[in-house]
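All remarks here apply to the structure that follows.
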2 protein chains.
Amino acid sequence: MRSYHQYCALAKALDVVGDRWTMLIIRELLLRGPSRYTDLRDGLPGIATNLLAERLRELEEAGVVAREDAPPPVATTLYRLTPRGEQLRSALYELGRWGAPFMTEDAEGDTFRSHWLTFPAEALLTDHAPDQPAVTIEVRTDAAPVVLETSGGGVRFRPGAAERPDAVLTGPPRLVLGALVGMLDLEEARERGLQYEGDPAVLARVRPG
Amino acid sequence: MRSYHQYCALAKALDVVGDRWTMLIIRELLLRGPSRYTDLRDGLPGIATNLLAERLRELEEAGVVAREDAPPPVATTLYRLTPRGEQLRSALYELGRWGAPFMTEDAEGDTFRSHWLTFPAEALLTDHAPDQPAVTIEVRTDAAPVVLETSGGGVRFRPGAAERPDAVLTGPPRLVLGALVGMLDLEEARERGLQYEGDPAVLARVRPG
DNA sequence: CAGCATCCGCTTTGATACTG
DNA sequence: CAGTATCAAAGCGGATGCTG
């Protein structure tokens, strides 16, 4: 394990999670929960498979990740964060919050996974009517569908489709995100190719500002 | 510039500040303020000089760091964080907070600079008697002396010596930090080689818990 | 198929030497 | 002081192969 050999808390943290890909592996485990090797690889487009294996081993040695054998029906190895690993959540969120402004730049050619929306969206969106019944918005991009749900004054994401969504957003990631966080107003996003089904008030309820 | 090419806020942040040494350069600029090249190098023991130059150039292009010509008496180039760079403070603090527990492990052979104490200390120490007059504790290790000062319910650090410190801590970094944050009680730290001059109540005033 | 290990060409890093 | 130049070693990305 390469180390900075500096008696500094930040340097010690980076000794463990500062290598290339490591933070993104933590992201996957934080957002998806316990995951199989193959699911991690799917959530980390571009990673070399040997690197993923190596990083997981290092993180296990460092006490950040634990591997466990899944119960009978699945019968595969699962990787999960330890409590120590869970504690990286706020650091990771702060970094994600810092990076959120870059999401407005051109993203042509970038890979995308639906659950990555979690970062800018849960950081920026609020439920302006927390006393009303919860609403759900289904988000469809070329990646897997996710459902946004108002919860506790904010919003949460979960994978999958909604039974009876209050609104449905369909389009490329940038337009979907732009419409959600209010970078684009709904009309402009529609002109650029976003599809929106449902009452615009549903969207307005969660937009910041 | 190497990129993950993922449309994800965290990945975008890491595209900019995820390379080796980059976060530590930000640390130096956050803790020391505008700095000369040589001072940065001194605060980053182990960095190759070409890497420091390259990283500074990249950070400048990314709008995180700005270079400026210092006024006449100094007449040298200064590097400083832009407002965008300053916004990395909370992310950096969260990472440092996560790394703080590693400071209890053996640090034999690690390099040390006094201002690095800032991370664990400002995160953990509180002033239990904010209504009393402020106290100062001078910290002397083999690195440059620093002064801890109670301020606004917490503590702050500044480089240099104190005129009339209320207490003086002298010894290796681990013992100094251990005594400050309460990992070691004062007697035990003394047995291991820490020197403490002053009223123990001064130390007790800032210790957590 | 899931979960790696091995090999290979390329890039990045670290150490040192040198310059305006 | 503030870097640039050089070069060996390590790390990375991509492809492929092996094992339950």
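Every chain is numbered from 1, with letters handed out A, B, ... down the list of sequences.
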Tell me whether the side-chain N or O atoms of Asn50(B) pair up with the base of dT6(D) as donor and acceptor below 3.5 Å, since no angle test is needed here. yes
Taking for each residue the nucleotide of DNA chain C with the nearest heavy atom, is it Thr49(A) or Tyr4(A) whose nucleotide lies nearer the 5' end?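 Looking at the nearest nucleotide for each, Thr49(A) comes out on the 5' side.
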Under a 4.0 Å N-O cut-off, is there an ion pair linking [X] with [Y]?
X	Y	result
Asp15(A)	Arg2(A)	no
Arg20(A)	Asp19(B)	no
Arg57(A)	Glu60(A)	no
Arg190(A)	Glu188(A)	no

How many Å lie between [atom1] on [X] and [atom2] on [N], as a whole number?
X	N	atom1	atom2	answer
Arg2(A)	dA10(D)	CZ	P	11 Å
Met1(B)	dT12(C)	CE	P	12 Å
Ile47(A)	dA15(D)	CD1	P	15 Å
Asp69(B)	dG3(D)	CG	P	10 Å
Leu44(A)	dG3(C)	CG	P	14 Å
His5(A)	dG14(C)	NE2	P	11 Å

Any side-chain donor-acceptor pair under 3.5 Å between Tyr196(A) and Thr170(A)?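 Not at all, the side chains of Tyr196(A) and Thr170(A) share no donor-acceptor pair under 3.5 Å.
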Run Ser90(B) and Glu94(A) through side chain to side chain donor-acceptor pair (under 3.5 Å) and show every step you take. CA-CA 7 Å; Ser90(B) 44; Glu94(A) 284 301 325; 3.1 Å; yes
Of the residues in residues 27-42 of chain B, which ones touch DNA chain D at a heavy-atom distance under 4.0 Å?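 Those residues whose heavy atoms fall under 4.0 Å from DNA chain D, taken from residues 27-42 of chain B in numerical order, are Arg36(B), Tyr37(B), Thr38(B), Arg41(B).
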What are the residues of residues 51-62 of chain A, sorted by number, that bring a heavy atom to within less than 4.0 Å of DNA chain C? Ala53(A), Arg57(A)
Check whether any side-chain heavy atom of Leu81(B) sits under 4.5 Å from a side-chain heavy atom of Gln87(B), and report yes or no.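 The answer is no; the side chains never approach within 4.5 Å.
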Parallel, tilted or perpendicular, as decided by the 30° and 60° cut-offs, for the rings of Tyr4(B) and Trp21(A): perpendicular
Taking 4.0 Å as the cut-off, does a side-chain nitrogen or oxygen of Trp21(B) come that near to OP1 or OP2 on dT12(C)? no
Out of Phe119(B), Phe102(B), Trp98(B), which one pairs with Lys12(A) under the side chain to side chain contact (heavy atoms under 4.5 Å, CB included) rule?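 Of the listed residues Phe119(B), Phe102(B), Trp98(B), the side chain to side chain contact (heavy atoms under 4.5 Å, CB included) partner of Lys12(A) is Phe102(B).
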